[in-house]
Amino acid sequence: MSSTAGLGDALVDWYDTAARNLPWRRPGVDPWAVLVSEVMLQQTPVARVEPVWAAWMARWPTPADLAAASPAEVIRMWGKLGYPRRALRLRETAVALTERHGGAVPADVAALEALPGIGTYTARAVACFGHGTPQPVVDTNVRRVVARLVHGRAEAGTARPSDLTDVAALAPAGRERACRFSVAAMELGALVCVARTPRCAVCPVRDRCAWRLAGSPAHDGPARRVQRFTGTDRQVRGRLLDVLRAAEGPVAASSLDEAWDDAAQRSRCLDSLLADGLVEQTPDGRFALPA
DNA sequence: TACACGTGGAA
DNA sequence: TTTCCAAGTGT
């Protein structure tokens with residue numbers, strides 16, 4: 001009998017009583033809608049995704065609908081979710097599904113990973129939550145849960161391929177239950193086994209948590225370095241795109257000057273937006289979202 | 001492996 | 001006010 005026996009079942013039972021009622025988890029939501037939600041949720045809080053996802057799915061219910069939209073429409077609808085290259089890649093994925101998969105979302109992990117913007121996590125999440133195909137689904141929540149519950153460490157390290165086998169070892173039997181376990185592990189990390197102040201008092205597996213049994217030791221490795229934002233190219237790109245999103249049509253370069261003082265940085269960021277396909281230059285030299 | 005890539009709410 | 005951090009991917 002493994003020391004982790006029954007952990008997966010315990011998490012599923014907890015999930016059945018504690019899960020949030022998120023719109024992309026409701027019955028009848030198709031794999032495309034799940035895929036859209038997963039891309040929007042990359043590095044982005046649930047509360048910010050919910051309204052955008054609802055409007056997005058109402059406007060573009062199928063991959064073919066999104067594939068027919070212009071990048072400009074897609075970038076505008078993406079709004080302030082952040083990392084707008086995700087919006088372009090999601091549209092490119094819609095095009096690929098329409099052209100190569102008959103407009104359907106594949107259930108095969110390798111086929112999903114071949115799509116733009118779909119990586120190790122998202123491919124398995126779509127297979128599992130969208131199609132009901134059991135997969136180990138490892139995001140930042142799950143890596144933290146496994147680090148504490150199984151390995152007795154306060155924090156997860158850098159993502160490793162072995163994360164997938166760590167999680168797969170906890171999954172209960174049965175297709176439906178294994179899928180529910182995958183979402184349950186994420187939910188525990190999102191609601192209980194959170195990064196800053198874990199709520200161990202309400203944790204369904206606190207009595208079997210290796211980290212608690214070890215006395216909840218502090219993180220010993222190197223401190224995770226936090227990303228700066230103020231003054232970075234990321235901020236400047238965001239400012240520039242903000243101007244273009246708000247404009248009705250193309251804007252003159254002088255309008256972009258107001259977005260950021262440092263001309264060299266502004267120019268570099270505009271170039272990178274052009275290279276990314278988030279901005280295009282019109283024949284008369286003005287700038288706009290790509291038509 | 002490490003870094004770039006948006007945004008804004010909570011502590 | 002500053003820092004942390006949120007369902008990652010691509011290079």
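Computed from a predicted model, the values in this text were never measured in an experiment. Below, chain A is the first sequence line, B the second, and so on; all start at residue 1. Computed over heavy atoms, backbone and side chain alike; hydrogens, waters and symmetry mates excluded.
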Should the pair Lys80(A)-Asp242(A) be classified as a salt bridge under the 4.0 Å nitrogen-to-oxygen rule? yes
Using the P atom as the point on both nucleotides, what is the distance between dA7(C) and dA4(B), in whole Å? 22 Å
Take atom C1' in dA6(C) and the same atom in dG6(B), then report the distance between them in whole Å. 12 Å
Show, in sequence, the C-alpha distance, side-chain angles and deciding distance for Tyr121(A) and Glu38(A), and conclude whether the side-chain hydrogen bond (donor to acceptor under 3.5 Å, both in side chains) test is met. CA-CA 9 Å; Tyr121(A) 162 77; Glu38(A) 292 298 344; 2.6 Å; yes
With a 3.5 Å distance limit and no angle check, can you tell me whether Arg148(A) reaches the backbone of Ala154(A) through a side-chain donor-acceptor pair? yes
Tell me whether the count of non-hydrogen atoms from other residues, nucleotides or ligands lying under 6.0 Å of CZ in Arg26(A) goes above 12. yes
Would you classify Thr122(A) as touching base, sugar-phosphate or nothing, given that sugar-phosphate means primed atoms plus P, OP1 and OP2, and contacts are heavy atoms under 4.0 Å? sugar-phosphate
Do Asp65(A) and Thr62(A) pair up side chain to side chain, a donor and an acceptor below 3.5 Å, judged on atom types alone? yes
Can you work out whether Val226(A) or Arg89(A) has the more 5'-proximal nearest nucleotide on DNA chain C? Val226(A)
Protein-proximity profile, nucleotides 2-10 of chain B, B/S/- by nucleotide at the 4.0 Å heavy-atom cutoff, equals -S-BBBB--
First and last nt of DNA chain C near chain A, cut-off under 4.0 Å to heavy atoms, 5' to 3', are dT3(C) to dG10(C)
Which residues, if any, of residues 19-36 of chain A bring a heavy atom under 4.0 Å of DNA chain B? none
Heavy-atom nearest pair, Pro217(A) first then Trp211(A), reads O-NE1, 2.7 Å
Main chain of Ala259(A), side chain of Arg266(A): is a donor-acceptor contact present, judged purely on distance under 3.5 Å? no
Salt-bridge present (Arg177(A), Asp9(A); N to O < 4.0 Å): yes
Using a heavy-atom cut-off of under 4.0 Å over every strand shown, decide if Thr197(A) touches base, sugar-phosphate, or nothing. nothing
What nucleic acid atoms does Ala125(A) come within less than 4.0 Å of, heavy atoms only: base, sugar-phosphate, or nothing? nothing
Which residues in residues 174-186 of chain A have at least one heavy atom lying under 4.0 Å from any atom of DNA chain B? none
Could you work out the complete set of other residues in the hydrophobic cluster of Leu256(A), with links drawn between I, L, V, M, F, W and Y side chains under 4.5 Å apart? Ile75(A), Leu88(A), Val236(A), Leu240(A), Leu241(A), Val243(A), Leu244(A), Val251(A), Trp260(A), Leu270(A), Leu273(A), Leu274(A), Leu278(A), Val279(A), Phe287(A), Leu289(A)
Starting at the 5' end of DNA chain C, which residue's closest nucleotide do you reach first, Ala190(A) or Ile118(A)? Ala190(A)
Side chain Asp163(A), main chain Arg160(A), donor-acceptor under 3.5 Å: yes
Mind listing the side-chain donor-acceptor pairs of residues 106-116 of chain A below 3.5 Å, one per line with the distance, residues two or more places apart or on another chain?
{"residue": "Asp108(A)", "atom": "OD2", "partner": "Ala110(A)", "partner atom": "N", "Å": "3.3"}
{"residue": "Asp108(A)", "atom": "OD2", "partner": "Ala111(A)", "partner atom": "N", "Å": "2.9"}
{"residue": "Glu113(A)", "atom": "OE2", "partner": "Arg124(A)", "partner atom": "NH1", "Å": "3.0"}

Could you pull out the closest heavy-atom pair between Val34(A) and Trp24(A), with the gap in Å? CG2-O, 4.1 Å
Pick the P atom in dG8(B) and in dT9(C), then give their distance to the nearest Å. 23 Å
Any salt bridge linking Glu187(A) with Arg25(A)? Criterion: basic side-chain nitrogen under 4.0 Å from a carboxylate oxygen. yes
